[in-house]
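Everything on this sheet refers to the single structure shown next.
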Amino acid sequence: MFTQGLHVRGMLICLSMGAALHWGATGVAHAVDGMILITQQKAQTGSVTPGDAPGFPVTLSQPGSYRLSGNLTVPDQNTTAIQVTTDNVTIDLNGFSILGPNLANGLGEGISAGSRTNISVLNGTVRGMGSRGVFLGNKGRAQGLQLISNSEGVQVGVDSLIKDVTALDNRITGVYIFGKSTILNSVVSQNGEDGILAGDDCLIQGNTVHGNGRYGISLGGSSTVLQNTVTGNADFGLLLGSRTGYAQNVVSDNKIISGPQVSGGLQMGTNVCGSDTICP
């Protein structure tokens, strides 16, 4: 790869053409597109944003866009990797990973922003955290993520979006969404309890939910469940509130095979339960 040297305050920094940096007045490294870069070294030295102390968590105290340029590894199950203390933040994992020790339940979260609004986390992996992989507040967005072997995969507040996410082998719930939120085109598999646990007025569409330790999709109130494939879960494939509509789902081989695959809900269209059998 072609590189070029850049002298900054007497230091020679080699940059690839695809990862050029510039330095702001505070000495913070920015990508050329204005995103602030986060690395393991920056986590240890601190000052990613004002008030960010050395070590974990990396504290993001200013709105804006942030990007990993390497993996982040926390030392134990009680340590959070990134703590967001302001609204309106985008974190691009950029294909990299946030890595915990994959031990028993703890307090550490991959990205913790549960009290903040309009936080987006994109394009990477969060694995082995003691608590939630990603925890977002209202109007959150989790997209293009792999959430693996955490205590809980992802939790978001109201008016949020989860899209193109894989939640695999988390110890409790794969995906937990509050009301008025949407989960699309995601794979939620082999989590210890519910695959997808959702509140009222949600849309659950186009997901594959397989092999979870309790219900495949569990939600109450008045929501919509469309075009999902729900198989091999330990209890009902769909556990639905009485006002939740469902259509065009395939719900089969869940372990209550001697009884119904679906509990509750209102059929809005054809659903298949078992071997090409229309759900009753």
Does [Y] offer a backbone N or O that forms a donor-acceptor pair with the side chain of [X] under 3.5 Å?
X      : Y      : value
Gln143 : Asp164 : no
Ser65  : Met35  : no
Ser97  : Gly124 : no
Thr45  : Gln41  : yes
Thr80  : Gly108 : no
Thr39  : Gly70  : no
Ser223 : Cys202 : yes
Ser218 : Tyr215 : no

Legend entry - Ile82: which of Leu72, Val89, Val121, Val126 passes side-chain contact (heavy atoms from CB on, under 4.5 Å): Leu72
Inset, instruction - Run through Asp253, Ile217, Val188 and flag the one making a side-chain contact (heavy atoms from CB on, under 4.5 Å) with Val230. - result: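 By the side-chain contact (heavy atoms from CB on, under 4.5 Å) criterion, Val230 pairs with just one of Asp253, Ile217, Val188: Ile217.
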Inset, instruction - I would like to know whether Asp169 and Ser149 meet side-chain hydrogen bond (donor to acceptor under 3.5 Å, both in side chains); could you show each step before the answer? - result: CA-CA 5 Å; Asp169 196 31; Ser149 299; 3.2 Å; yes
Linked, directly or transitively: [X] and [Y] (ILVMFWY side chains, under 4.5 Å):
X      : Y      : result
Leu184 : Val225 : no
Ile38  : Phe96  : yes
Val165 : Leu226 : no
Leu145 : Met129 : yes

Legend entry - Evaluation steps, side-chain contact (heavy atoms from CB on, under 4.5 Å), between Val156 and Ile162: CA-CA 8 Å; Val156 297; Ile162 295 175; 4.0 Å; yes
Could you measure the distance from the [atom1] atom of [X] to the [atom2] atom of [Y]? Nearest 0.5 Å is fine.
X      : Y      : atom1 : atom2 : value
Thr244 : Gln267 : OG1   : CD    : 13.0 Å
Gln77  : Asn150 : CD    : CG    : 12.5 Å
Thr270 : Tyr246 : OG1   : OH    : 11.0 Å
Leu197 : Asn212 : CG    : CG    : 11.5 Å
Thr59  : Gln83  : OG1   : CD    : 6.5 Å
Gln155 : Ser131 : CD    : OG    : 8.5 Å

Heavy atoms, side chains only, cut-off 4.5 Å: are [X] and [Y] in contact?
X      : Y      : result
Val48  : Ile36  : yes
Thr85  : Leu60  : no
Ile111 : Ile98  : yes
Ser151 : Arg132 : no

Legend entry - Stepwise side-chain contact (heavy atoms from CB on, under 4.5 Å) check, Leu99 with Val74: CA-CA 6 Å; Leu99 300 170; Val74 299; over 6 Å; no
Does [X] sit in a hydrophobic cluster with other residues, and if so which ones, taking ILVMFWY side chains as linked at heavy-atom separations under 4.5 Å, directly or through other members?
X      : value
Leu168 : Ile148
Phe135 : none
Ile172 : none

Inset, instruction - Walk me through it: do Asp200 and Ser222 pass the test side-chain contact (heavy atoms from CB on, under 4.5 Å)? - result: CA-CA 6 Å; Asp200 201 3; Ser222 178; 3.8 Å; yes
Legend entry - salt bridge (charged side-chain N to carboxylate O under 4.0 Å, His left out) involving Asp92 - partner list, sequence neighbours excluded: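 For Asp92, the residues satisfying salt bridge (charged side-chain N to carboxylate O under 4.0 Å, His left out) (neighbours in sequence not counted) are Arg67.
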Heavy atoms only: give me the nearest [X]-[Y] pair and the separation to one decimal.
X      : Y      : value
Ser160 : Gly140 : OG-N, 2.9 Å
Thr86  : Val84  : O-CG1, 3.3 Å
Ala81  : Phe56  : O-CD2, 3.4 Å
Asn191 : Ala167 : ND2-O, 3.1 Å
Ala247 : Gly269 : CB-N, 3.6 Å
Gly232 : Asn254 : N-OD1, 3.4 Å

Inset, instruction - Could you tell me whether Asp87 and Arg116 make a salt bridge, using a distance below 4.0 angstrom between a side-chain N and a carboxylate O? - result: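 Counted as a salt bridge, because a side-chain N and a carboxylate O are separated by less than 4.0 Å.
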Legend entry - side-chain contact (heavy atoms from CB on, under 4.5 Å) between Leu122 and Leu93, worked out: CA-CA 6 Å; Leu122 315 171; Leu93 300 184; over 6 Å; no
Inset, instruction - For side-chain hydrogen bond (donor to acceptor under 3.5 Å, both in side chains), just list the numbers for Glu152 and Asn170, CA-CA rounded to whole Å, side-chain angles, deciding distance to a tenth of an Å, and then say yes or no. - result: CA-CA 5 Å; Glu152 184 173 272; Asn170 297 286; over 6 Å; no
Legend entry - Derivation and outcome, side-chain hydrogen bond (donor to acceptor under 3.5 Å, both in side chains), residues Thr49 and Asp52: CA-CA 6 Å; Thr49 61; Asp52 175 39; 5.6 Å; no
Inset, instruction - Using distance alone, with no hydrogens and no angle criterion, decide if Asn138 and Asp159 have a side-chain donor and acceptor under 3.5 Å apart. - result: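 Asn138 vs Asp159: no donor-acceptor pair found between side chains.
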Inset, instruction - For the residue pair Asn105 and Arg171, confirm or rule out a side-chain donor-acceptor distance under 3.5 Å. - result: yes
Donor-acceptor contacts, no H, no angles, side chain residues 203-210, under 3.5 Å, sequence neighbours left out:
unit_1 : atom_1 : unit_2 : atom_2 : d
Gln205 : NE2    : Gln227 : OE1    : 2.9
Asn207 : OD1    : Asn185 : N      : 3.1
Asn207 : OD1    : Ser186 : N      : 2.8
Asn207 : ND2    : Ile183 : O      : 3.2
Asn207 : ND2    : Gln205 : O      : 3.1
Asn207 : ND2    : Asn228 : OD1    : 3.0
His210 : ND1    : Thr231 : O      : 3.1
His210 : ND1    : Thr231 : OG1    : 2.9

Inset, instruction - Using the salt bridge (charged side-chain N to carboxylate O under 4.0 Å, His left out) rule, take Asp201 and Lys180 through it: C-alpha gap first, then chi angles, then the decisive distance, then the call. - result: CA-CA 5 Å; Asp201 295 326; Lys180 301 179 181 178; 5.4 Å; no
Legend entry - Contact list for residues 162-200, test ring-ring contact (aromatic ring centres under 6.0 Å, His included), sequence neighbours left out: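 The answer is Tyr176-Phe178.
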